[in-house]
Engineer: 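The structure's right below; bear with me while I get my questions together.
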Amino acid sequence: MQLSGAIQKMQTHLNRGLAQYQLPIGDKLLNMNDLVGEKITLSFNHLIYCSHCGKKTNKSYAQGHCYPCSQKLASCDLCIMKPETCHHHLGTCREPQWGLDNCFSPHVVYLANSSGAKVGITRKRNTPSRWIDQGAVSALPILEVDTRLKSGVLEIALKSYINDKTNWRKMLKNETNQINLALIRDELLDKIQKTINFTDAHALNNEVVDINYPVVEYPSKIISLNFDKTSVVAGVLKGIKAQYLILDTGVLNIRKFSAYNITLTY
């Protein structure tokens, strides 16, 4: 079977504790879980079309955009990566209505175990997909606020005591230890309550969400595969974790190549 078209980051959801993956390719959605254990080939057709305006671009910016769109879209602004720098209230948002729809909606601050304990934030409606995208084996929402800016301020406070990054190599090797996220939550909230005003934050008493991934074999050595260096990526699909395809020949970050036109053979 063959499918051709532009790809985007894999769509994810959780079904009875197992991460489910669908790859958008052209106008199709391919269930990638079904291909684990099979030989697949992904061929880059040397075409990239901006995922926003549809124009051809020689290089992808901000995960699938042409350069002009990467400079004008609010979703590509620096404050998306650093929410504590949100400037909507200053009247300088690139797209004020987009900001209202996306940054003035419920956000959660969470703890996750991906390559160790970390703190993160996401729109409430994006859970648990956000945790799957990071390769977390467990996650726990700890605080809820009504704006992205407030969640960023809380994350900054918590970063003084806990990491906010994922070691992607350890994550892909599944080098994670069991962690008591509820205990870490209690310790962290006790530490920051002296410096943070919780008037606008709602503490959550949720249960830990455990996440399993469709992987039959984790790699012992990480070899990154890259369409910008080689046009054809092929191998037996050993599993999927975060936004990575784990092949017996290396790992491919699908999100990195959003808007690339490929042909997938299986």
Side-chain angles (χ1 to χ4, degrees), residues 1-66 69 126 128-137 168-169 171-174 211-266:
M1 292 284 292
Q2 275 192 349
L3 288 176
S4 295
I7 60 172
Q8 300 294 333
K9 63 167 272 190
M10 289 181 283
Q11 297 181 13
T12 62
H13 68 277
L14 200 59
N15 183 14
R16 298 181 181 180
L18 179 65
Q20 304 290 326
Y21 289 89
Q22 290 181 304
L23 175 67
I25 176 168
D27 59 356
K28 305 293 185 182
L29 273 178
L30 181 61
N31 190 332
M32 295 302 293
N33 290 52
D34 292 344
L35 299 184
V36 173
E38 302 294 328
K39 172 74 178 292
I40 64 172
T41 301
L42 301 98
S43 303
F44 175 39
N45 298 320
H46 299 283
L47 296 170
I48 307 172
Y49 295 96
C50 176
S51 58
H52 178 73
C53 72
K55 291 182 179 179
K56 185 178 179 181
T57 175
N58 292 327
K59 183 178 179 181
S60 171
Y61 298 87
Q63 296 177 351
H65 297 85
C66 64
C69 285
N126 286 350
S129 291
R130 174 62 173 166
W131 308 327
I132 296 173
D133 286 348
Q134 293 185 334
V137 296
W168 65 278
R169 292 180 180 275
M171 179 272 293
L172 284 175
K173 291 180 179 179
N174 202 36
I211 304 171
N212 296 300
Y213 293 87
V215 179
V216 295
E217 183 180 348
Y218 285 98
S220 57
K221 181 181 179 181
I222 302 299
I223 300 173
S224 292
L225 304 173
N226 190 327
F227 285 130
D228 294 329
K229 296 180 178 180
T230 179
S231 298
V232 179
V233 169
V236 176
L237 183 61
K238 294 292 187 177
I240 315 167
K241 192 174 186 184
Q243 281 288 322
Y244 287 85
L245 300 183
I246 302 172
L247 305 171
D248 60 352
T249 53
V251 300
L252 180 68
N253 184 350
I254 290 294
R255 188 168 194 167
K256 180 178 179 180
F257 299 103
S258 294
Y260 280 54
N261 187 293
I262 70 162
T263 296
L264 190 152
T265 305
Y266 61 98

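In this chain, residues are counted from 1 in sequence order.
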Engineer: Using a distance-only test with no angle check, is there a side-chain donor-acceptor pair under 3.5 angstrom linking Asn253 and Gln243?
Structural biologist: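 Side chains of Asn253 and Gln243: no pair found under 3.5 Å.
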Engineer: Can you tell me how far the CD atom of Gln63 sits from the CZ atom of Arg255, to the nearest 0.5 Å?
Structural biologist: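 If we round to the nearest 0.5 Å, Gln63:CD and Arg255:CZ are 4.5 Å apart.
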Engineer: Indicate yes or no: at least one non-hydrogen side-chain atom of Met32 is less than 4.5 angstrom from one of Met10.
Structural biologist: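 Heavy-atom side-chain distance check passes, below 4.5 Å.
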Engineer: Quick one: are Cys53 and Cys66 in side-chain contact, heavy atoms under 4.5 Å?
Structural biologist: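 Sidechains of Cys66 and Cys53: in contact.
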Engineer: Any non-hydrogen side-chain atom of Met1 less than 4.5 Å from a side-chain atom of Tyr266?
Structural biologist: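 With C-beta onward as the side chain, the pair touches.
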Engineer: Between Asn31 (side chain only) and Gln20 (backbone N and O only), is there a donor and an acceptor less than 3.5 Å apart?
Structural biologist: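 The answer is no, because no donor-acceptor pair under 3.5 Å joins these two groups.
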Engineer: Rounded to the nearest 0.5 Å, what's the gap from CG on Leu245 to OH on Tyr21? Could you check?
Structural biologist: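 Going from CG on Leu245 over to OH on Tyr21, the span is 9.5 Å.
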Engineer: Which pairs pass ring-ring contact (aromatic ring centres under 6.0 Å, His included) with one or both residues in residues 234-256, sequence neighbours excluded?
Structural biologist: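 Matches after skipping sequence neighbours: Trp168-Tyr244.
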Engineer: Measure the CG-CG distance between Leu3 and Leu42 for me, rounded to the nearest 0.5 Å.
Structural biologist: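 Atom-to-atom, Leu3:CG and Leu42:CG are 10.5 Å apart.
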Engineer: Counting C-beta onward and ignoring hydrogens, is there a side-chain heavy-atom pair between Lys238 and Pro219 closer than 4.5 Å?
Structural biologist: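 No; the side chains remain at least 4.5 Å from each other.
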Engineer: How about Leu225 and Thr230: do any of their side-chain heavy atoms sit closer than 4.5 Å?
Structural biologist: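 The answer is no; the side chains never approach within 4.5 Å.
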Engineer: Answer yes or no: is there a side-chain heavy-atom contact under 4.5 Å between Thr265 and Ser43?
Structural biologist: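 No, their side chains stay 4.5 Å or more apart.
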Engineer: If you round to the nearest 0.5 Å, how far is OG1 of Thr12 from CG of Asp133?
Structural biologist: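 Reported value, rounded in 0.5 Å steps: 4.5 Å.
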Engineer: Report the distance from atom CD1 of Ile211 to atom CD1 of Ile132, rounding to the nearest 0.5 Å.
Structural biologist: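 Reported to 0.5 Å precision, the distance equals 5.5 Å.
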Engineer: Describe, in one word, how the ring planes of Tyr260 and Phe257 are oriented to each other, choosing from parallel (under 30°), tilted (30 to 60°) and perpendicular (over 60°).
Structural biologist: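 Perpendicular.
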Engineer: Asn226 side chain to Asp228 main-chain N or O, any donor-acceptor pair under 3.5 Å?
Structural biologist: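 Present.
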Engineer: With heavy-atom distances below 4.5 Å as the criterion, would you say the side chains of Leu35 and Leu30 are in contact?
Structural biologist: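 Side chain of Leu35 against side chain of Leu30, heavy atoms only: contact under 4.5 Å found.
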Engineer: How long is the span from the CG atom in Leu252 to the CG atom in Leu237, to the nearest 0.5 Å?
Structural biologist: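 Interatomic distance, Leu252 CG to Leu237 CG, rounded to 0.5 Å: 10.5 Å.
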Engineer: Within the supplied structure, the quantity of interest is the number of heavy atoms (other residues, nucleotides, ligands) at a distance under 6.0 Å from Asn15 CG; does it exceed 12?
Structural biologist: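 Atom CG in Asn15 is crowded, with more than 12 foreign heavy atoms closer than 6.0 Å.
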Engineer: Would a 4.5 Å heavy-atom cut-off, applied to side chains only, mark Ser220 and Lys173 as touching?
Structural biologist: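 Of all side-chain heavy-atom pairs linking Lys173 with Ser220, none is under 4.5 Å.
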Engineer: Do you know the tightest heavy-atom contact between Cys50 and Thr57?
Structural biologist: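 Heavy-atom minimum between the residues: N-CG2, 4.2 Å.
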